[in-house]
Amino acid sequence: MNKNFHIARKRFGQNFLQDVAIIQNIVDALNCVGDENIICEIGPGLGALTLPLLQKFKKINVIEIDKDLIYKLKNDNPFKAYFENNNLIIHEQDALKFELANLISNNQKIHLIGNLPYNISTPLLFRFLQQINNISEMIFMLQKEVVDRIIAKANSKDFGRLSVMMQTFFYVEKLFDVPPESFIPAPKVMSSVIRIIPKNNYLNIFDNSAKNAEKTEKIFPNLVEKYTFFIKTAFAQKRKTLHNNFKNTEFDILEKYQEELNLDFKKVRAENISIENFIALFNLSQK
Ligand code: SAM
C-alpha cells in the first residue's frame, strides 16, 4: 500500500486540497512577513497548505484531531524533519476546544489559516470570535454558501445571524472561489476563501464598556454573549417583524426608540436592519 494512503474521513470533514495554484494563493493571502508572527493552521490534514507555509515561515503551529494524520505528519517526509526541528508544532486537539492564548507569550497576535472542516465551520468561527483578542487575521476556506452569508448586506437573501455576528466584530472580504475538483475527494459544493480581520475598534463597539482598557477587555466576552442572544432573538423567526420577535422578551422596551432610529418595528424584519442599527439597538437595550 502507498504510504501516503489515507481514506478521507467524512466525520472530520476531510476534503484534501490538490490544486497547487489555489494552495499557493491561500498561503500568499496571509498578510505577514518575517519570523515574529505566530501562525496557526487549523486542520493540516495531509499537509497541502502546511508544506508551503513551512517553506515560507520559520515556525508553524497546527491543530489536528485525526490521530492517523498526526502520525503521518510526525513520521512521513517531508514533515518529519520540520517536526523534529521544532519548525512544525503539532497540537493534537479539537480546534473547537483549543485555547489560542496558549500560543502567545507576549502581546503578539495569531494569524490563523485553514481549509476548515465544513461540518464544524460555523461553530469554529464563533469559537474564534470568543478569542478575537488573540487574533490578527484569519484566512479560511469555507463553503461558498457560508462565505456568501458572512459577507451579505442587509436586505439581501443571504443576510442573517452569521452576517451580523461576523460583520459586527470583523472586516470580512471574500478573496476567491474554489471549484470542487480542486479537492480529493471533491465536495458537492463550491468553496470560497475569505479574509477575516478584527475591527480596530472592536473593544469599543459596546458603549457600556468600561473606560479602563483592562476592564473593557474583561467584560467584553460577557457583552459578546449578550449580543449573541440579542441577535438570535431578532432573527428568531426570519419572516416575522422585529415587533413580533421582540414581543414578550427583554428587548420589547426597544420599541420606544423606533423614531430615534427611524425604524418601524411593525414593518421591518431583522433582515432589513443594518449592522450599525443592530449595535445601536443593543446598546440601547443595555441602558
Ligand atoms: N488542510 C488540509 C487540506 O487543505 O488539504 C485538510 C483540510 S480538511 C477540509 C479539514 C481538516 O481538519 C482535516 O485534516 C480534519 O482531520 C481536520 N479536523 C476536523 N475536525 C477537526 C477539529 N475539531 N479539530 C482539529 N482539526 C479538525
Side-chain angles (χ1 to χ4, degrees), residues 2 4-30 39-57 60-76 78-79 82-83 87-103 110-131 134-135 138-147 175-195:
N2 179 340
N4 285 324
F5 192 78
H6 171 84
I7 297 176
R9 295 202 162 94
K10 229 181 171 162
R11 73 175 187 282
F12 290 145
Q14 290 175 355
N15 297 96
F16 300 107
L17 268 168
Q18 57 156 354
D19 184 319
V20 180
I22 300 267
I23 290 169
Q24 200 55 50
N25 287 342
I26 298 173
V27 170
D28 288 346
L30 268 183
I39 297 164
C40 180
E41 186 191 357
I42 312 299
L46 293 165
L49 293 168
T50 323
L51 186 58
L53 284 170
L54 285 162
Q55 287 162 345
K56 195 164 175 181
F57 301 103
I60 304 293
N61 292 276
V62 298
I63 309 172
E64 176 59 64
I65 201 167
D66 185 328
K67 294 209 161 26
D68 291 347
L69 292 174
I70 291 164
Y71 181 87
K72 290 175 81 58
L73 287 171
K74 286 181 175 172
N75 295 287
D76 290 359
F79 299 100
Y82 288 108
F83 172 65
N87 303 115
L88 173 63
I89 314 291
I90 304 176
H91 305 273
E92 308 180 21
Q93 278 187 47
D94 180 347
L96 282 170
K97 298 191 180 136
F98 190 81
E99 292 289 342
L100 292 177
N102 292 342
L103 302 180
I110 301 168
H111 295 260
L112 287 173
I113 186 165
N115 166 16
L116 295 191
Y118 293 169
N119 49 341
I120 55 163
S121 59
T122 312
L124 274 172
L125 292 173
F126 278 88
R127 177 79 183 124
F128 297 137
L129 166 58
Q130 286 172 341
Q131 303 180 80
N134 295 316
I135 294 173
M138 304 187 259
I139 304 290
F140 287 149
M141 170 105 72
L142 300 165
Q143 280 174 253
K144 176 178 181 295
E145 172 258 329
V146 176
V147 169
L175 299 180
F176 49 89
D177 291 331
V178 182
E181 57 272 19
S182 303
F183 305 83
I184 294 178
K188 291 199 176 69
V189 292
M190 279 293 282
S191 304
S192 304
V193 176
I194 187 171
R195 173 181 289 129

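Atoms within each ligand, like the ligands themselves, are counted from 1 in listed order.
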**Request:** For Lys97 and ligand 1, answer yes if some heavy atom of the residue is under 4.0 Å from a ligand atom, otherwise no.
**Result:** no
**Asked** Is there side-chain contact between Leu53 and Leu30, with heavy atoms separated by less than 4.5 Å?
**Response** yes
**Prompt:** Side-chain contact, heavy-atom cut-off 4.5 Å: His91 with Asn102?
**Reply:** no
**Item:** Residue Asn15 vicinity, atoms of ligand 1 by number, heavy atom under 4.0 Å
**Value:** 7 (C), 8 (S), 9 (C)
**Request:** Number the atoms of ligand 1 from 1 as they appear, then name those within less than 4.0 Å of a heavy atom of Glu41, with their elements.
**Result:** 1 (N)
**Message:** Looking at non-hydrogen atoms alone, which of Arg127, Gln18, Glu64 comes nearest to atom 14 (O) of ligand 1?
**Reply:** Glu64
**Prompt:** With no hydrogens and no angle check, is any side-chain donor or acceptor of Arg127 less than 3.5 Å from a backbone partner on Leu96?
**Reply:** yes
**Asked** Can you list the atoms of ligand 1 that are under 4.0 Å from a heavy atom of Phe16?
**Response** 5 (O), 6 (C)
**Prompt:** Among protein heavy atoms, which lies nearest atom 2 (C) of ligand 1, and at what distance?
**Reply:** Pro44 O, 3.3 Å
**Prompt:** For Leu17 and ligand 1, does the shortest N/O to N/O distance drop below 3.5 Å?
**Reply:** yes
**Heavy-atom nearest neighbour in the protein, as seen from atom 23 (N) of ligand 1, with distance rounded to 0.1 Å** = Asp94 OD1, 2.8 Å
**Fill in**
Quick look: Ile120 vs ligand 1, heavy-atom contacts under 4.0 Å, and the answer is side chain
**Message:** With a heavy-atom distance limit of 4.0 Å, tell me whether Leu69 approaches ligand 1 through its side chain, its backbone, both, or neither.
**Reply:** side chain
**Prompt:** For atom 19 (C) of ligand 1, which protein heavy atom lies nearest, and how many Å away is it?
**Reply:** Phe12 O, 3.1 Å
**Asked** Distance only, no hydrogens: is a donor on one side chain within 3.5 Å (strictly under) of an acceptor on the other, for Ser191 and Tyr118?
**Response** yes
**Nearest-contact summary for atom 12 (O) of ligand 1 - protein heavy atom, Å** = Gly43 CA, 3.2 Å
**Message:** Has Gln143 got a side-chain atom pairing as donor or acceptor with Ser192's backbone, closer than 3.5 angstrom?
**Reply:** no
**Message:** Quick check: Ala95 and ligand 1, any N/O pair under 3.5 Å apart?
**Reply:** yes
**Prompt:** ligand 1 versus Ala48, non-hydrogen atoms closer than 4.0 Å: side chain, backbone, both, neither?
**Reply:** side chain
**Asked** Would Glu41 and Asn61 count as having a side-chain donor-acceptor pair, cut-off 3.5 Å?
**Response** no
**Item:** Option of least heavy-atom distance to atom 18 (N) of ligand 1 (set: Ile65, Ile70, Asn115, Leu73)
**Value:** Ile65
**Message:** Show the nearest heavy-atom pair for residues Ser121 and Val146, with the distance to one decimal.
**Reply:** OG-CG2, 4.5 Å
**Request:** Examine Gly45 against ligand 1 and note whether any of their N/O atoms are separated by less than 3.5 Å.
**Result:** yes
**Item:** Test side-chain contact (heavy atoms from CB on, under 4.5 Å) applied to His6 and Phe16, step by step
**Value:** CA-CA 10 Å; His6 171 84; Phe16 300 107; 3.7 Å; yes
**Asked** Does ligand 1 have a heavy atom under 4.0 Å from the side chain of Met141, from its backbone, from both, or from neither?
**Response** neither
**Intermediate values then yes/no, side-chain contact (heavy atoms from CB on, under 4.5 Å), Leu73 and Phe83** = CA-CA 8 Å; Leu73 287 171; Phe83 172 65; over 6 Å; no
**Request:** Please identify which atoms of ligand 1 are closer than 4.0 Å to at least one heavy atom of Ile63.
**Result:** 25 (C), 26 (N)
**Message:** If the threshold is 4.0 Å, N to carboxylate O, is there a salt bridge linking Glu64 and Lys74?
**Reply:** no
**Item:** 4.5 Å side-chain heavy-atom contact, Leu17 and Ile26
**Value:** yes
**Asked** Does Gln93 reach ligand 1, in the sense of a heavy atom lying below 4.0 Å from it?
**Response** yes
**Item:** Pick from Ala8, Gly13, Pro117: the one approaching atom 9 (C) of ligand 1 most closely through a non-hydrogen atom
**Value:** Gly13
**Request:** Give a yes or no on this: more than 12 heavy atoms of other residues, nucleotides or ligands lie within 6.0 Å of atom OH of Tyr71.
**Result:** no
**Prompt:** Okay, side chain of Asn15, backbone of Pro185: is any donor-acceptor separation there less than 3.5 Å?
**Reply:** yes
**Request:** Could you tell me whether Asp66 and ligand 1 have an N or O pair separated by under 3.5 Å?
**Result:** no
